[in-house]
Amino acid sequence: MPDNSAIQSQLQALAERLHHLNHQYYQLDISEVSDQEFDQLLAELQALEAAHPELALPNSPTRRVGGTITKQFPTAVHRFPMLSLGNTYSEDDLREFDERVQKGLEGAPYAYVCELKIDGVAMSLRYEHGQLTQGVTRGDGTRGDVVTANVRTIKTLPLALRPGPEQPDDFEVRGEVFMPLPVFDELNAEREQNGEALLANPRNAASGTLKLQNSAQVAARKLRFYAYSLLTPGRHFASHSAALEALSQYGLPVSDTWRRAATIEEVLEFVHYWAKKRFDLPVATDGIVIKVDNLRQQDQLGYTAKSPRWAIAYKYPAEAARTRLNDVLYNVGRTGAVTPVAVLTPVPLAGTVVKRATLHNANQIELLDLRLGDLVYVEKGGEIIPKITGVDLAARPADAVPIQYPTACPACGTPLLRPEGEAHFRCPNERGCPPQLKARLEHYVSRKALNIDGLGAETVGRFFELGMVKTPADIYDLPARRPELVTLERLGEKSIDNLIAGIEASKQVPFPRVLFGLGIRYVGETVAQKLAAHYRSIDALMAATAEDMAAVPEVGGVIAVAAAHWFQQPENRELIERLRQAGVQLEVTGEAPVPASDRLAGLTFVISGVFEHHSREELQQLITSNGGKITGSISKKLSYLVAGDNMGPAKREKALGFKVPIISEAELMALLPTADTEAPAPAGTDETPKLPLPVAGPGQQASLF
Ligand code: IVH
């Protein structure tokens, strides 16, 4: 029997060291050790936790990657209600606020703290004995959703606090969870590529992310947090500024943009300074929050029914610009939906130059009575994608041309249809309309579908333009067309090797992802998983009626009709036959399928040797069905080497040299979800299964401001 207490102290020491390094890195921008050393310490901790799961610490740094599935979030009542702030849009209002404060304090001297108002989601965190124990959303202000497992994935948030002066034993931290702008842009670019609806702004993105059921997906979204207040039952600090300083000392991220202001004039200076400067920040802000600094004075001023009398939010006006509408383009998406896009004379707006704006659909053009040549108002507001909000009718040129919404598809000429109750016109030429065909190919190779290595959206688009690939089935003919491929510019031997290996490997991608990749309207990832789990093979699915499919949980009537219709089309049946010939997975394999997940997303594996319980192919499938990737060679970027018996010594040496963790078959199994972890968490708990997964090491910009 190993000595548990020795292991416990080893676990403790490693966790403390990693917490310390995380703090140095994310809060102070200091790298005490190299990324490799960090990863090695983490791997050590993971290995220890994998070997002794019962000893793993609840707030271990390995838990940031998530892994908890919460079907329905339990709710909790806030110990202190989460109030909102009174809003103002004018400087006069701010001066009036100051007069009210002055009156309320009966002539006593006072000062303010000014902070940026981050446009994210309010969050209440509870720290007990220095440990993060709960994260609750604002909800209705009295009761919110318990999203602790998701909050734990936020890298800049300490799971364990640094000891600091006057640290309360039990307190709450309020702050804003947000999605940094570069992360938001990346997410939307990916969604666009997958033909998914774009997220309107980073606030929606952050709030949607916090509500995801799988905390591993939350971890991938790279949320951040800024603390803006500390709450205890009694008055613990004398001033808000002292509390902010204490929060920083305890290791909580506090934006260092806050300032004390002695007078309302200084407040206004702060407001003016950030009016433009805020667009240089990698985070969306929509105003300034002004708070009376002294906490006794805050108490003295008190609250109205909804908000404190000692604070106010100044909101910057939505930025608008006036520019000329030169043209309207019509994009045809994967499902044939036609979206009008305004082409504008470039104009600077809210920190970027705007050249295009969305017009949503035909209704919008009619409502605005838009004409080509019009001077239009473009706004960014909370939305990142600019929109046209109005027309300067007084400035309308005499020759402004009314916009003729196309009646035929701008790409293929087929008459457009507008189905009852839909806002979009649609091109019904599913089989022949080039942008639809191309977008479907891009979808098929995309990360969440077949994820074909060496064949990204751009390359498959190029093959399409060249007429080499029209449907997903044509992709599988590419390896035999090597002589043609070598004649293509910018496609070297090595890329072709990669491409062919990627196509070959995609034949192992499990059926649910293939089904998703087919791009059937309304069949997203989840529906594809439900359908695959229910019917288990494409043949059974093809034989099913719409009525039958609609009875599958989470598959509604509209989806069922669309899917049944799709499977009836002769060309789709032919596509499936060709995919079958190529060896693509068209059924669920194995007796008790391991639930597919994206638990291993972003991780790469090399499998080597002979294994006790599974064949190499089975292990490969387990990895790919959970979002991981298999590669052939060991490099420093490799996440894990899965080692069986008779693995060559050279591989081991190389992995050791690159400090790549070497894991056994059993350790690999521990990384995968089990049927249990997919089950709903019992109400009132947020137990995270102990997952020895690597946490992305230092590698991101530490401080946002
Ligand atoms: S103080 C009782 N400070 O703005 C007042 N709020 O209605 C508590 N917000 O959704 C709020 N940045 O989450 C405060 N520096 C800041 C803030 C901030 C963003 C959000 C807050 C709430 C809204 C206020």
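Numbering of ligands and ligand atoms starts at 1, following listing order. If you're wondering where the values come from, they're calculated on a predicted model, not measured in any experiment. For this chain, numbers begin at 1 and follow the sequence in order.
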**Student:** Parallel under 30°, tilted from 30 to 60°, perpendicular over 60°: which one fits the rings of Y303 and W310?
**Tutor:** perpendicular

**Student:** Kindly tell me which protein residues have any non-hydrogen atom under 4.0 angstrom away from an atom of ligand 1, grouped by chain and ordered by number?
**Tutor:**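 Correct list: S84, L85, E115, L116, K117, I118, A122, E176, Y228, V289, K291, P308.
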
**Student:** Within the structure provided, determine whether V101 and Y112 are in side-chain contact (heavy-atom separation under 4.5 Å).
**Tutor:**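 A side-chain contact under 4.5 Å exists here.
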
**Student:** For the side chain of H78 and the backbone of S124, is there at least one donor-acceptor N/O pair under 3.5 Å apart?
**Tutor:** no

**Student:** Rounded to the nearest 0.5 Å, how far does CG of L268 lie from CD1 of I288?
**Tutor:**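 Atom-to-atom, I288:CD1 and L268:CG are 10.5 Å apart.
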
**Student:** Before we go on, tell me: are the rings of Y226 and F178 under 6.0 Å apart, centre to centre?
**Tutor:** yes

**Student:** Salt-bridge test for D170 and R79: reply yes if a basic N is under 4.0 Å from a carboxylate O, no otherwise.
**Tutor:** yes

